[in-house]
Each structure stands twice: as structure tokens, then as C-alpha cells.
S.K.: 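Quick one: the structure is below, questions incoming.
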Protein chains: 2
Amino acid sequence: MSPRVGLDDAVIMQAAATIADETGLQSVTLATLAKQLNVRPPSLYNHVNGLPEIRNKLTLLGLQGLHEAMQEALSKQKQSDSDAVPGLAIAYAQYAMKHPGLYEATININTREHTEEIQQKAAELVELVSNGLRPYLSSAVEAEIIHAVRGFRSLLHGYTSLILSGGFNMAIDRDESFRYMIRAYIAGIQKS
Amino acid sequence: MSPRVGLDDAVIMQAAATIADETGLQSVTLATLAKQLNVRPPSLYNHVNGLPEIRNKLTLLGLQGLHEAMQEALSKQKQSDSDAVPGLAIAYAQYAMKHPGLYEATININTREHTEEIQQKAAELVELVSNGLRPYLSSAVEAEIIHAVRGFRSLLHGYTSLILSGGFNMAIDRDESFRYMIRAYIAGIQKS
DNA sequence: ATAGTGAAACTAATGGTATTAGTTTTCTGA
DNA sequence: TCAGAAAACTAATACCATTAGTTTCACTAT
């Protein structure tokens, strides 16, 4: 009756990530998860602490994925150092489109308690963007770099978030809009 | 036993908006709403069709509020016409900070069905931003205007969304970052 | 004034959710 | 081999939204 399904924290989170990306973050419940894994909901508590913990782990997975995607984009174009930022931006957006559920988990941190681990990973991401953006700025004043990074993140997140929410449906190419706004923003921060 | 509380669609939505702004959109439930209004949950169905409808109405309220706030910002500075956009941006952000719940309702349209009314109001908002942005653009090509509007909305939504999610906590003034990014973006779209 | 009607409240019940407690089964290592 | 820990289970509790069916109130027309 309990033939020891090979359940495991990693297996559970993999299933949760798949559900999140395929049918939306809000449909990651203990019920759907248990059904997917051929197990009764309470059994999941042997491996995981409850739904909030699962959500936190999804957030961490999303941040890690985003970080890896951008890191990879950076290393692939090390030659043309000053042109790294559009690559970063595209990597960010592509990851979000490929993993909408994990990306969504990355953002809605407001209501939840966030782990130390999550804080850490988020800071790494800021650091990465920061380094990518620095060559574009004439001033090396730390405050200006922070303003520039915040703006860049706002642009990236706003675009992806609006797309994932069903926005930008007019018959104009979204990718082109994305390239346009990145180009404009970069030009803008260089000017001042 | 049923002393005819003066319940009403408007009263219900007012309570829902308050709950949304004060304790988060996710805590707008029929249970909290009924408790707030001193009524049992099923009674609400005499006035409202269910939770999805309440959410849609909150979305509409948010869009209307946003539209009014930006419209007002426009009319208050009609003199310096070419400098309207920073005012629009500030009005947008201020409304979102003042009404975080309604603002959130404005965005998470993805999972829900949206009414014709909502589509309409959203289009009006785009139109308003579009008109505000037009004087800044050298080219009057419609596609470029759309790109510019999308970028502007992305920047606005990204900034407010990240703030509301608890981001941008470093000891650097957020308002200044906001002014920086708006200034940079405007400079960027003028350049090309 | 009062009877009747429709609206607005109610109670009760259903089915979904997370979570806890307590129990059984299975695997493993001594 | 067997004893204990780990991993599944069932049962129960406490929420939630929603529907059905019932009662009560307020108004309107006689």
C-alpha cells in the first residue's frame, strides 16, 4: 500500500517547477503536486514543510536560473565587452518566457517571508547587472550606478511581467519593442 | 435576524478596495469581505456574482484610478506641453503607492477573463500615454510610437511592481532613481 | 391598515484546499 | 534477522467558495 515511491525533495521541486511553468504558479498546490507524483497530499510533508516552503524554493530556483542564464550570456560575448548589456537583457527575457512560472515566483516575494538564501541570490543578480552596466556609465559615482541598475531592472521586469500578464497584444513585434527600449535606455544613461 | 444591512454593489466594492489596499489583494475573499460588512458570505451573492467578478471590478477600479491620476497630472501642467511625461510618470507611481491593492489588480489579468470594459479602459490608458509621449519623438512612425509607449509602460510598471514587492531596499533614494530612469529613457527615445 | 410580493438576508450542505495527528508499512543497517 | 527510522497512509480539523432552499423584511397596491 505504500510501495515507497522514490519521493525526494529534488523530485518534488522538479515537479513543482514543471507545474508552475506549464499551468501557472497559482496551480502549484499540494493537491496537484500529490496527484502528479502519485501520492496523497500528506505524504509530501515527509519531504517538504508545506506550501510556503515550496513557494520559497521555487523563488530560489527562478533566481538561480535567471542568474545562470545571464552569466552564460555574459561569458559568450566576452570579446565585445562594452556591448554586453543587450545580451544580458535578451537572456533575461528569454529565460522568463521559457520559465514563466519560475519567473513569476521570482517576483511575488511581497507577501512571503524570504530566506537568507533568496536575499543572497537576489544580491548576486544585482551585482551581475551592476558589473555589466558599469562600462556604459561615464560617472563612476556609486549612486548613479545604482540608479542605472534599478532602471534597467525595472525595464526588464516591467516588459516581461506585462508580456506574461497578457499585455502588448497589438500587431507590432514585441521583440522589436524590447530591443528598442533597451537601446533607448542605454543611450539615455550614456548621455548624462 | 436579518435587519437588512444597507448592502449594495458599491458598498461591497468600496470595502473590497480598502481591504485590497490595506492588507493585500490576495486577502480579498468572500470571508473577509463578509466579516467586514457584518454579513454571512452567501449574502454577498445577492449583489455580486462571485470572487472572480469582484476581482474584475477591482481591476476596473484600479484602471480608472490610474487613468484619472494621469489625466489630472496632464491638465495641471498644460503650459509646458513638452515636459508632460515626467509628470505622468510621477502620477502613475504615486497612485500605485497609494493604492497598492488596486494597482496589483490592474496587472494580474493573465489568469482571469477580462471584461470588455476593462479592455476599453486599458486602451484609454495606452492612448493617454501615447499622446503624452508623441511630442518627444522625432519620427511620427506609428510603430516607433508604440515601441516607445511599451518601453515607458515597462519602466513604470517594473519600477512600481518591484517597489511593491519589497525591492530597491538599498540606502539610495528610490524617488531619485525613478527620476533618473525616466530622464534617461526620455533622453534615449529622443536621440534616435 | 394590511396582504402580497420580491429582494435580501439567513442556514445547511458540498466539495475543494492545507495541515496535523496518529497509524501502518517498508526498507535498511547492525 | 530484526528493530527502528523513514515514508507512505487514513482520518480529522479548519478554512475557503459556492449552491440550494428557507425565512424575514420592506415596500406597494389595494
Side-chain angles (χ1 to χ4, degrees), chain A residues 1-20 22-60 101 104-105 108-115, chain B residues 1-20 22-60 101 104-105 108-115:
Chain A
M1 275 274 163
S2 51
R4 230 64 160 202
V5 180
L7 227 45
D8 181 345
D9 181 285
V11 173
I12 292 176
M13 289 315 300
Q14 171 55 45
T18 301
I19 292 173
E22 290 181 354
T23 62
L25 185 59
Q26 85 293 342
S27 67
V28 175
T29 67
L30 293 184
T32 59
L33 212 39
K35 182 170 289 183
Q36 175 94 17
L37 296 165
N38 290 309
V39 118
R40 304 305 174 112
S43 305
L44 298 173
Y45 283 85
N46 286 317
H47 307 280
V48 144
N49 219 331
L51 199 50
E53 187 183 288
I54 291 177
R55 296 219 176 100
N56 271 334
K57 288 188 176 178
L58 286 177
T59 297
L60 189 57
E104 194 184 344
N108 282 340
I109 313 182
N110 40 358
T111 56
R112 278 174 283 147
E113 285 302 313
H114 22 314
T115 326
Chain B
M1 273 274 165
S2 51
R4 232 55 161 211
V5 180
L7 225 46
D8 180 346
D9 179 285
V11 173
I12 292 176
M13 289 317 298
Q14 171 55 44
T18 301
I19 293 173
E22 289 181 356
T23 62
L25 185 61
Q26 86 293 340
S27 66
V28 175
T29 66
L30 292 184
T32 59
L33 213 38
K35 182 171 289 182
Q36 175 93 16
L37 296 165
N38 290 311
V39 118
R40 304 306 173 112
S43 305
L44 298 172
Y45 284 85
N46 285 318
H47 306 280
V48 143
N49 218 331
L51 199 50
E53 186 183 289
I54 291 177
R55 296 221 176 99
N56 271 334
K57 289 188 174 177
L58 286 177
T59 298
L60 189 57
E104 194 184 344
N108 281 339
I109 314 182
N110 40 358
T111 56
R112 277 175 283 146
E113 284 302 313
H114 20 315
T115 325

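Residue numbers start from 1 in every chain, and the chains themselves are labelled A, B, ... in the order their sequence lines are given, proteins ahead of strands.
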S.K.: Select one nucleotide: of D/dA8, C/dA18, D/dT10, the one nearest the side-chain heavy atoms of A/Y45.
M.R.: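 The closest nucleotide is C/dA18.
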S.K.: Could you state the atom-to-atom distance from CG of B/L44 to P of D/dA20 in whole Å?
M.R.: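 Answer to the nearest Å: 17 Å.
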S.K.: Looking only at heavy atoms, which two atoms of A/A31 and A/P41 are closest? And how far apart?
M.R.: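 What the structure gives for the nearest pair is CA-CG, 4.5 Å.
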S.K.: Would you give the length of the straight line joining atom CG of B/L58 to atom CE of B/M13, rounded to the nearest 0.5 angstrom?
M.R.: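 Rounded to the nearest 0.5 Å, the CG-CE separation comes to 4.0 Å.
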S.K.: Using modelled atom types and a 3.5 Å cut-off, is there a donor and acceptor pairing between side-chain atoms of B/S27 and backbone atoms of B/T23?
M.R.: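 Flag set: sc B/S27 to bb B/T23 pair under 3.5 Å.
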S.K.: Please give the angle, rounded to 10 degrees, between the axes at the start and the end of the helix from C/dA1-D/dT30 to C/dA30-D/dT1, where five pairs define each axis.
M.R.: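 Between the axes fitted at each end of the helix from C/dA1-D/dT30 to C/dA30-D/dT1 lies an angle of 10°.
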S.K.: Between D/dA6 and A/H47, is there an OP1 or OP2 to side-chain N/O distance shorter than 4.0 Å?
M.R.: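 Result: no.
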S.K.: Which nucleotide in the set C/dA12, D/dA11, D/dA8 lies at the smallest distance from any side-chain heavy atom of B/P42?
M.R.: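 Closest of the options to the side chain of B/P42: C/dA12.
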S.K.: Would you indicate which nucleotide in C/dA8, D/dA8, D/dT18 comes nearest to any side-chain atom of B/L30?
M.R.: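 So the side chain of B/L30 is nearest to D/dT18.
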S.K.: Check the distance between C/dT19's P and A/R55's CZ and give it to me in whole angstrom.
M.R.: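 Atom-to-atom, A/R55 to C/dT19, this comes out as 9 Å.
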S.K.: Taking atom C1' of C/dT17 as reference, at what distance in whole Å does atom NZ of A/K35 sit?
M.R.: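 Computing the A/K35:NZ to C/dT17:C1' distance gives 13 Å.
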S.K.: In whole angstrom, give the distance that lies between atom CD of B/E53 and atom P of D/dT18.
M.R.: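 Going from CD in B/E53 over to P in D/dT18 covers 11 Å.
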S.K.: In Å, rounded to the nearest 0.5 Å, how long is the span from CG of B/N46 to CG of B/D8?
M.R.: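 Between atom CG of B/N46 and atom CG of B/D8 there are 12.5 Å.
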S.K.: Side chains of A/T18 and A/Q14 only: does a donor on one sit below 3.5 Å from an acceptor on the other?
M.R.: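 Yes, side-chain donor-acceptor contact under 3.5 Å.
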S.K.: Which listed nucleotide (D/dA8, C/dA8, C/dC10) is nearest to the side chain of B/V39?
M.R.: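 Ranking D/dA8, C/dA8, C/dC10 by closest atom to the B/V39 side chain puts C/dC10 first.
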S.K.: Side chain of B/A31 only, heavy atoms from C-beta on: which candidate in C/dT17, C/dA12, D/dC16 is closest?
M.R.: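 Shortest atom-to-atom distance from the side chain points to D/dC16.
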S.K.: Within the 4.0 Å heavy-atom criterion, would you say A/S43 contacts the bases, only the backbone, or no part of the nucleic acid?
M.R.: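 The residue A/S43 makes base contact.
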S.K.: Measure the distance from CZ on A/R40 to P on D/dT10 and round it to the nearest whole Å.
M.R.: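 Distance, rounded to whole Å: 5 Å.
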S.K.: Report the distance from atom CD of B/Q26 to atom C1' of D/dC15, rounded to the nearest whole Å.
M.R.: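 The distance from CD of B/Q26 to C1' of D/dC15 comes to 16 Å, rounded to the nearest Å.
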S.K.: With side chain to side chain contact (heavy atoms under 4.5 Å, CB included) as the test, pick out the partner of A/I12 among A/H47, A/K57, A/Q36.
M.R.: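 Answer after filtering A/H47, A/K57, A/Q36: A/H47.
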S.K.: By the definition side chain to side chain contact (heavy atoms under 4.5 Å, CB included), identify the one residue from A/V39, A/L51, A/I54 that meets it with A/L44.
M.R.: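 Among A/V39, A/L51, A/I54, the one that satisfies the side chain to side chain contact (heavy atoms under 4.5 Å, CB included) with A/L44 is A/V39.
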S.K.: Rounding to an integer number of Å, can you tell me how far A/D8 CG sits from D/dA7 P?
M.R.: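 It is 9 Å, rounded to the nearest whole Å.
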S.K.: Ignoring hydrogens and angles, are the base of D/dA6 and the side chain of A/N46 linked by a donor-acceptor pair under 3.5 Å?
M.R.: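 Looking at the base of D/dA6, it does not pair with any donor or acceptor on the side chain of A/N46 (distance under 3.5 Å).
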S.K.: Rounded to whole Å, how long is the line connecting atom CG of B/L7 with atom C1' of D/dC25?
M.R.: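 Interatomic distance, CG of B/L7 to C1' of D/dC25: 15 Å.
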